Structures are given as C-alpha cells and as structure tokens.
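Fair warning: this is a prediction, and the values are worked out from it, not measured in the lab.
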Amino acid sequence: MRLSRRTLLSSLAGSALALGASTGTGHAAQAGAPAAPDPAARALARLLPRHAGQVTFRATPRAIAPRAAGRDSDRFRVSGGAGRILVEGSTPAVQLTGFHWYLRHVAHAHISWTGEQTGLPATLPAVPAPIEKTAGVTHRFAFNDTNDGYTGPYHDWTYWERELDVLALHGYNEVLVYLGADTVYHRTFLQHGYDDTELRAWLPGPAHQPWWLLQNMSGFGGPLSRQLLHERAELAVRVVTRLRELGMSPVLPGYFGTVPPGFTDREPGARVVPQGVWGGFPRPDWLDPRCDAFGRVAGTFYDVQNELLGAAPSYKMDLLHEGGTPGDVPIGDAARAVESALRTARPGALWTILGWQNNPHREIVEAVDKARLFIVDGLSDRFPSVTDREETWEGTPYAFGSIWNFGGHTVMGANTPDWASLYERWRTKPDSALDGIALMPEGADNNPAAFALFSDLPWTEGTLDLEEWFRQWPRYRYGADDAHAARAWDVLRRTAYGTTRADSWSEGADGLFGARPDLNALSAGYWSPRQLRYDAAEFAKALPELLAVAPALRTSSAYRYDLLDVTRQTLSNRSRLLLPDIRTAYQAKDTARFASLTEQWMRDLALLERVVTTDRNHLLGRRLADARSWGATAQEKDRLEYDLLTLLTVWGPRAAADGGHLRDYANREWSGLVGGLYTLRWRTCFDTLATSLTTGRPPAPVDWFALEDAWVRTHPPFATEPSGDIVKVAGEVTRALGL
C-alpha cells in the first residue's frame with residue numbers, strides 16, 4: 001500500500017497539485033529541496049541494516065576525464081579494515097556503486113533487481129587493496145520509454161525506493177521518469193481552453209501512457225480519476241526527489257507538440273498536422289512547432305512541469321516516432337522550434353532522443369546544436385550494419401545501448417559478446433562521440449546477469465573479459481565458489497548469453513506456449529525472433545547443474561530466481577521442439593500420436609505454471625491487485641485492471657490486436673497467463689483439431705480475439721501469493737524432460 005493515501009489526498013487539495021492550479025510551490029519546493037546528510041548511508045541502512053554501521057561514505061571530487069579536456073568523470077575508492085569500510089565517491093550514487101563493487105568482489109554478496117544474496121559475516125571483511133574505479137563515460141542512462149508500461153505501471157513507492165537504490169548500486173546516474181507526465185499535460189491544457197473531463201478522457205490508462213507520450217495513441221484505458229492523477233503525481237515527486245538526493249538526474253519528457261483533439265478550436269491561428277494511425281490506434285495531432293501557439297503551449301508545459309517536478313538537466317523527446325508524419329512541415333525547422341522552446345525554458349539542458357529505426361531524422365541532427373543533443377542508441381547490439389555512429393549522427397554524442405527484451409518478455413539471454421567487443425572499441429576509437437551507456441530493455445526487472453554485466457561496462461578498464469566475468473558471477477550471486485554453479489553459468493554464457501547481432505536480433509526468442517495457437521507458429525510476438533538463437537539441448541544442461549549446487553548456497557532469493565529462470569526457459573525452449581512434431585502428426589492424420597504429443601504439450605504447460613507460481617514476481621494476480629489498489633471506485637478498479645491486462649494480452653481493441661499485430665507483444669511466462677489464457681487457447685486449438693481428425697471435416701474456425709477479449713474481461717481470480725518450492729518443482733521438470 002502507498003503510504004497515507006487518504007491523508008495525501010487531503011493534503012493535496014490546497015497544494016500546487018490541486019486541480020487546475022496554475023501556481024504553487026509545495027511539491028516543486030519538495031522536489032528541489034536540499035538533501036539531508038548521508039543519503040548513501042540511508043540507502044545502505046535500507047538494503048543492509050545489520051551492516052550499515054560498518055561503512056563510512058565520503059564525498060570526493062570528480063576525476064578529470066582522460067579523453068576529454070575539461071570534462072570530469074565520476075569515480076570511487078573503497079578501502080579499510082574489517083568492519084571499518086571507507087567508501088569515497090563523487091556522488092552518493094557513485095559511493096553506492098563503489099560499495100556494491102566491494103560487496104561483489106570482496107564480500108561475495110550481491111543485490112539485484114531480481115534476487116539478492118546477502119549472507120554476510122557479522123563483520124564485513126577488510127579490503128585487501130584499495131578498489132579504485134573511474135567511469136569511462138559521462139552518461140549512464142536507465143530505462144526505455146516503454147518501461148512504465150511493460151515493467152509495472154501500478155508499482156508504489158516501496159517498489160520505486162528499492163529500484164532507485166539498485167540502479168545506484170549498479171552505477172547509473174540518469175533515469176527516465178515518465179511518472180507525473182499525465183498531470184503535467186492535464187494542467188497544461190487546462191490553461192489552453194480544455195476542461196477537466198475531456199482531458200481526463202484523453203489520457204490513457206497508466207499501462208498505455210508511454211505510447212501516448214510517444215504520440216502513438218491516446219485515451220485507451222481511461223478516463224483517469226482526479227485521485228489517480230494526484231497519487232501518480234505524488235509518487236513522481238518522491239521519485240525525482242530521491243534521485244536528486246542520490247546525486248542522480250531525472251530525465252523528464254519535453255514538449256514537442258502533442259495536442260488533444262480540437263486544438264485549433266481553442267487556439268485560433270494554430271496549425272496541427274494529423275498523424276494517422278499507429279498499430280490500429282488513431283494518433284494524436286501534432287502542433288506545428290513553427291506557429292506561435294506552440295511556443296505558448298511549450299512555455300506552459302515547462303512551467304507546470306517545473307512546479308511539480310523541478311527542472312532537469314535533460315529532456316527526452318522523439319519527433320515523428322515510428323511513422324509519424326511531418327506533412328508539409330520541414331523537419332529541420334520543426335526541430336529548431338522545439339529546441340528553441342526547450343532552450344527558452346531550460347537554458348543549457350540536453351535534448352535526449354532515442355536512436356531507433358530512422359530516429360533521429362538526419363534533418364534533426366543537422367538543424368540543432370549537436371553539443372546539446374544526446375542520442376541513446378537502441379540499436380548498438382541489434383544490427384551488424386551499425387558500424388559508425390559518428391558518421392550517421394555527424395559527431396553527436398551518444399550512448400551505447402541495449403534493448404535485450406521487447407514487451408517485457410521473460411526470456412533469458414543477451415548479446416554479451418557484442419557488448420564486450422563493441423563498447424570499448426567504439427569508445428576508444430579516434431574522434432569517438434560515445435559518451436554513455438543506455439540500459440533500455442522494454443521491460444526491466446529481469447535478466448540479472450545481463451543487467452549486471454551491461455552495468456559494469458563503464459567501470460571496467462579495457463575490454464571486458466566475458467569468460468572471467470561469468471566465472472566470477474556465480475561466486476557472489478550465490479555466496480561462494482561451487483563447481484556445479486560454475487558449470488551451469490559456463491553453459492549459459494555459451495548459449496543464451498553467447499548470441500550476437502550477426503542474425504540482426506538483440507533479444508532471445510520468446511516461447512510458443514504464449515503464441516496465439518497455430519501449428520506453424522514461429523514466435524508468440526509478431527516482431528519476435530522466429531527461431532531459437534542457440535542450441536536448446538546445450539542450454540538444458542545448465543538445469544541439472546544448478547540443481548546440484550551445494551544446499552548451503554540454495555537459500556538466497558538470487559539462487560532461487562536463477563533456478564526458476566533456467567527451469568522456465570528450459571520448458572519454454574521445449575515448445576519450439578515439440579510443436580513441429582505435433583504439426584507433423586496432425587498432417588499425417590496420426591490420431592494416436594497427435595493425442596500423445598498434445599498431452600505432452602499440455603503437461604509442459606501445467607509444469608510451467610507450477611514453476612512460475614513459486615515466485616511472487618511471476619504472479620499475474622499480484623500485478624492485477626496492484627492495479628486495482630489505485631482505483632478510486634469499483635468502476636475505476638475494473639478499468640485499471642483491464643488497462644493492465646489488455647497490455648499483456650490483446651494490447652488494445654481488435655484493430656490493434658489483429659490489424660496492428662500488437663496482440664501478445666508483451667507475452668510473458670507468468671502464473672495466471674500460463675495457466676489461464678495460454679492454456680485455454682491451446683486446449684481450444686487441440687480440441688478443435690482432434691475433432692477434425694475424428695470427423696474428417698475441416699477444423700471449426702476460432703475467433704481468437706473474441707476468446708482472448710472475453711477472458712480478459714471475465715477471467716477467474718488469480719493467486720496473489722506464491723506457492724510451492726522451486727527446488728522441488730525444478731527437480732520434477734528435470735525428471736519429466738529426462739535431463
């Protein structure tokens with residue numbers, strides 16, 4: 001539960017958040033207030049309360065960067081004897097990064113966004129020799145634009161507090177914050193002729209808001225209540241305040257021209273450009289940045305945003321994202337006008353933009369001040385044709401980025417060989433413009449090895465040694481050296497974490513259990529890889545090795561998460577081996593073999609449901625309960641649940657699900673989805689095909705969207721607490737698969 005929700009609402013009634021307020025200082029003052037002493041120490045007290053008193057944090061100046069005269073770099077130094085650890089660093093977040101480096105490499109412990117191992121001795125061990133690291137790049141950027149939707153749009157402060165601590169431990173200093181943008185837009189357009197009701201209807205539900213902010217759609221999952229707007233705004237204030245306390249920077253959305261319907265009726269003389277359709281959704285209109293109305297709206301937007309969240313050093317804006325059209329507006333002129341509005345409101349701020357598909361357009365790069373443009377590259381490890389970003393973006397500073405999953409898929413793996421080889425080579429080449437990393441999976445809180453390894457890139461001197469990195473990983477992930485753990489992770493290094501961009505993919509293949517039934521299915525998501533990118537049989541060898549890890553090392557949440565993940569992935573991979581056999585049996589009209597194979601398929605689905613039921617973070621029921629907890633009324637609770645569940649299944653109405661190919665884009669192997677919709681779909685399919693084999697008539701057609709939409713609206717209740725022991729269930733899976 002969020003803290004003091006009703007008290008909060010009462011207190012907001014007279015604050016700057018009050019509906020329609022145009023001035024106010026309450027939350028703006030809070031966001032910009034100076035931090036209390038020792039924020040790193042307070043974070044450590046949250047994370048390791050029994051040991052926090054043994055660590056002293058001290059601020060030190062930044063180091064002079066070796067490659068760029070006049071630019072300072074973050075650094076840390078860790079030293080001290082047993083129980084007297086001194087961590088020095090340029091910001092509280094960097095100090096936490098230094099402590100986590102010590103924790104991993106000296107104390108053999110680890111904290112992640114998925115599981116931790118903190119079985120430490122009563123007295124923290126001494127530092128054998130001082131640990132000193134300097135960041136090789138300025139920007140360590142976290143989160144995709146889609147993160148709030150696919151990771152958890154209904155998380156509360158308890159979640160966000162830990163998430164920010166963990167990002168600090170891993171070295172990040174810039175975090176994309178979309179929370180609160182709905183309130184900013186709402187209050188902005190109240191001052192430009194719209195009323196409260198029509199604006200709250202224009203805002204999508206929280207799960208779909210990232211795509212509204214990208215100018216892809218609007219309204220779906222709404223309307224939002226005033227209470228929901230207030231509570232999300234309050235949470236946003238807490239997030240940006242904590243970021244600043246830790247010495248990290250929020251990256252906030254900037255204004256580039258999205259307007260509600262009917263804008264020209266409110267602003268005579270304004271000109272808008274219709275944006276057509278995205279994925280089956282009508283897109284919001286784009287206000288021509290060259291017209292006077294754009295400057296007025298942008299000014300209001302930045303004023304309102306400052307009142308709520310304070311100023312930021314960087315603003316994220318993507319003009320003409322994924323098919324947006326400029327009409328007859330010259331892109332370069334539009335970019336200069338957008339930049340001018342930003343500079344007027346925030347002199348010196350960076351314009352951060354995503355490197356994705358044709359984004360940023362060359363006209364944008366050529367029109368604006370490249371010294372104050374920063375590109376977070378989403379394709380660094382995706383296409384082998386990406387070789388020279390300095391030429392492509394004309395020397396614009398950029399971050400080496402990775403999108404290792406799309407839609408929040410529960411898929412293990414990443415192109416780590418590309419990270420190790422490309423990042424350092426691109427960073428150190430003559431005239432390199434690389435000055436950052438960008439952690440951008442579409443859904444976070446997964447793939448802990450990928451998270452840790454990618455985060456280490458800026459703090460590693462020279463090229464990262466993958467074999468050595470994966471050799472050390474299970475030592476601190478589980479607490480000690482173990483031969484079976486080492487062998488398991490060597491298998492994983494060579495399979496799921498050994499893929500490269502040579503095949504033009506950056507994520508692993510999703511499983512077919514989550515696919516809309518089709519005997520020819522090659523993926524669950526329309527845009528997912530069509531085949532497994534490594535040897536499934538080789539990957540499966542990791543499971544019995546993990547199960548053989550010493551019992552003393554099996555108690556941590558880190559071990560149990562990894563065991564679940566490997567068990568889940570092994571079962572998921574089996575779907576790709578089994579479905580072609582089912583197809584062959586059906587085509588051969590071999591009724592007995594078809595029945596036997598489909599029984600295996602359904603058994604594997606049931607096993608998969610039991611695997612994911614053991615972990616609370618894999619429970620659909622818990623996420624739906626979180627969504628409902630934000631509702632002001634029973635009707636809104638239902639609406640918010642629908643908002644979240646559609647995103648994970650059909651994504652939107654039929655036009656989006658089928659015509660826009662968005663259904664199952666966010667498929668994931670969670671309890672409730674596996675045992676619910678996925679099981680229902682495949683049982684329906686197999687029953688239909690079995691009837692066809694028996695009768696000799698063609699299979700009866702199934703309206704899959706109608707089935708899916710009905711399930712979304714009328715599903716049974718789901719568990720909100722885990723059940724079962726993953727060690728026991730993983731053993732059953734191993735025996736069932738003959739491993």
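- In this structure a side-chain-to-backbone donor-acceptor pair under 3.5 Å is missing from H105 to Y102.
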Audit row: W356, I403, side-chain contact (heavy atoms from CB on, under 4.5 Å) steps and yes/no:
CA-CA 10 Å; W356 176 250; I403 305 176; 4.1 Å; yes
Going through the checks in order, is the salt bridge (Lys or Arg N to Asp or Glu O under 4.0 Å) test met by R46 and E161?
CA-CA 9 Å; R46 293 189 291 270; E161 182 169 55; 3.7 Å; yes
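- Under 3.5 Å, the side chains of E116 and H110 contain no donor-acceptor pair of N or O atoms.
- Looking at P250 and R244, their side chains come closer than 4.5 Å, going by heavy atoms from C-beta outward.
- N447 places no side-chain N or O within donor-acceptor distance of the main-chain N or O of A450, the cut-off being under 3.5 Å.
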For the pair L453 and L464, evaluate side-chain contact (heavy atoms from CB on, under 4.5 Å) and give the outcome as yes or no after the intermediate values.
CA-CA 9 Å; L453 195 157; L464 188 146; 4.2 Å; yes
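- Here the side chain of S380 pairs a donor or acceptor atom with the backbone of G401 at under 3.5 angstrom.
- With T91 contributing its side chain and V94 its backbone, the two residues share a donor-acceptor pair below 3.5 Å.
- The ring pair (Phe, Tyr, Trp, His ring centres under 6.0 Å) check on Y172 picks up nothing, with sequence neighbours excluded.
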Do E545 and V491 pass the side-chain contact (heavy atoms from CB on, under 4.5 Å) test, and can you show the C-alpha distance, the side-chain angles, and the key distance before you say yes or no?
CA-CA 10 Å; E545 290 289 359; V491 168; 5.8 Å; no
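- In this structure, E132 does not pair ionically with R75, as no charged nitrogen and carboxylate oxygen lie closer than 4.0 Å.
- The minimum heavy-atom distance linking Y561 with N446 is given by the pair OH-CA, 3.8 Å.
- Using modelled atom types and a 3.5 Å distance limit, the side chains of D418 and T500 yield no donor-acceptor pair.
- In the model, Y178 has a side-chain atom that pairs as donor or acceptor with a side-chain atom of D145 under 3.5 Å.
- For the pair R343 and E339, the salt-bridge criterion is met [side-chain N within less than 4.0 Å of a carboxylate O].
- Listed here is the closest heavy atom pair of P360 and I375: CG-CD1, 3.8 Å.
- Of all non-hydrogen atoms in H108 and R475, the two that sit nearest each other are NE2-CD, 3.4 Å.
- At a cut-off of 3.5 Å, with distance as the only test, no side-chain donor of D456 or T460 sits close to an acceptor on the other residue.
- Between the side chains of T352 and S314, a donor-acceptor pair is found at a separation under 3.5 Å.
- In this structure, P417 and G498 approach most closely via the heavy-atom pair CG-O, 3.8 Å.
- Aromatic rings from W351 and F374 are positioned such that their centres are separated by 6.0 Å or more.
- A cation-pi arrangement is found for R104 relative to W101, the charged atom lying closer than 6.0 Å to the ring centre and inside a 45° cone about the ring normal.
- Under the 30°/60° scheme for interplanar angles, the aromatic rings of Y478 and Y559 are found to stand perpendicular.
- Taking the six-membered ring for Trp, F400 and W419 have ring centres at least 6.0 Å apart.
- R568 and D565 are joined by a salt bridge, as a carboxylate oxygen and a charged side-chain nitrogen come within less than 4.0 angstrom of each other.
- With respect to E424 and K429, no salt bridge is recorded, no charged nitrogen being found less than 4.0 Å from a carboxylate O.
- Surrounding CZ of R84 are at most 12 heavy atoms belonging to other residues, nucleotides or ligands under 6.0 Å away.
- Side-chain N or O atoms of T97 include one that pairs as donor or acceptor with a backbone N or O of A168 at under 3.5 Å.
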Criterion salt bridge (Lys or Arg N to Asp or Glu O under 4.0 Å) on R560 and D615, from CA distance to verdict:
CA-CA 9 Å; R560 300 178 82 82; D615 179 62; over 6 Å; no
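- Counting only residues at least two apart or on different chains, no salt bridge (Lys or Arg N to Asp or Glu O under 4.0 Å) pair has a member in residues 436-446.
- Between D490 and R494, at least one side-chain nitrogen of the basic residue sits less than 4.0 Å from a carboxylate oxygen of the acidic one, meeting the salt-bridge criterion.
- Between F454 and W404, the two ring planes are perpendicular [angle over 60°; tilted spans 30° to 60°].
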Applying salt bridge (Lys or Arg N to Asp or Glu O under 4.0 Å) to R162 and D165, what does each step give before you reach the verdict?
CA-CA 5 Å; R162 179 178 172 82; D165 286 345; over 6 Å; no
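- With respect to R501 and D381, no salt bridge is recorded, no charged nitrogen being found less than 4.0 Å from a carboxylate O.
- In terms of the side-chain contact (heavy atoms from CB on, under 4.5 Å) criterion, E461 has no residue partners (sequence neighbours excluded).
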Show me the donor-acceptor pairs within less than 3.5 Å that the side chains of residues 118-129 make with the rest of the protein, sequence neighbours left out.
none

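- D435 places no side-chain N or O within 3.5 Å of a backbone atom of V137 that could act as its donor or acceptor partner.
- In this structure, the side chain of R668 engages the main chain of G407 through a donor-acceptor pair within 3.5 Å.
- Closest heavy-atom contact between V251 and E174: CG2-CB, 4.0 Å.
- Remark: the backbone N or O of A59 is not paired with any side-chain donor or acceptor of E88 at under 3.5 angstrom.
- H170 contributes no side-chain N or O that, together with a main-chain N or O of F451, makes up a donor-acceptor pair within less than 3.5 Å.
- Residues passing the salt bridge (charged side-chain N to carboxylate O under 4.0 Å, His left out) test with R554: none are found, sequence neighbours excluded.
- Using modelled atom types and a 3.5 Å distance limit, the side chains of R533 and N415 yield a donor-acceptor pair.
- With sequence neighbours excluded, no residue satisfies salt bridge (charged side-chain N to carboxylate O under 4.0 Å, His left out) with D482.
- Y302 and Y315 have perpendicular rings, their planes meeting at more than 60° on a 0 to 90° scale where under 30° would count as parallel.
- Taking each heavy atom of I437 and P458 in turn, the nearest pair found is CD1-CG, 3.5 Å.
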Set out, in order, the CA-CA distance, both residues' side-chain angles and the distance that settles side-chain contact (heavy atoms from CB on, under 4.5 Å) for R58 and V87, then state yes or no.
CA-CA 6 Å; R58 181 181 299 164; V87 183; over 6 Å; no
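- Taking the centre of each ring, Y476 and W473 come in below the 6.0 Å mark.
- Of the candidates L563, T570, L564, T570 is the only one forming a side chain to side chain contact (heavy atoms under 4.5 Å, CB included) with V566.
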